[in-house]
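These notes concern the structure reproduced below.
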Amino acid sequence: MGIGGISIWQLLIVLVIIILLFGTKKLRNIGGDLGSAIKNFRNSVREGAQEIEDHKKLYPEQQDRASEKEQIIEAQVSRKERSN
């Protein structure tokens, strides 16, 4: 038994059909495009995290104010019934 109840033969048949429909060149291009998109996404995430760290180093006073804003305030709300 293969992945999720699909046998290896069924996967191979689907792969052959996909290759016949699209051709190997187009599949190679799609794979390359997908790979570069994932690589660009990872680089963007790293750059964003680095910018945040740089900002924290340059402006530590803003970090102190931000931590003050993040304090949790607990309260209880009660509802008054109106009497007519």
(message) According to side chain to side chain contact (heavy atoms under 4.5 Å, CB included), who are the partners of Ile38, at least two apart in sequence or on a separate chain?
(response) Leu34, Arg42
(request) Only counting residues at least two apart or in another chain, list the ones meeting side chain to side chain contact (heavy atoms under 4.5 Å, CB included) with Ile19. (result) Leu15, Thr24, Leu27
(message) Please enumerate all residues that pass side chain to side chain contact (heavy atoms under 4.5 Å, CB included) together with Asp54, with sequence neighbours excluded.
(response) Gln50
(message) Restricting to side chain to side chain contact (heavy atoms under 4.5 Å, CB included), what partner residues turn up for Ile17, sequence neighbours left out?
(response) Ile13, Leu21
(message) Taking transitive links into account, so neighbours of neighbours count too, which hydrophobic residues share a cluster with Val16 at under 4.5 Å side-chain distance?
(response) Leu20
(message) I'd like to check the side chain to side chain donor-acceptor pair (under 3.5 Å) partners of Asp33; sequence neighbours left out, ordered by chain and number.
(response) none
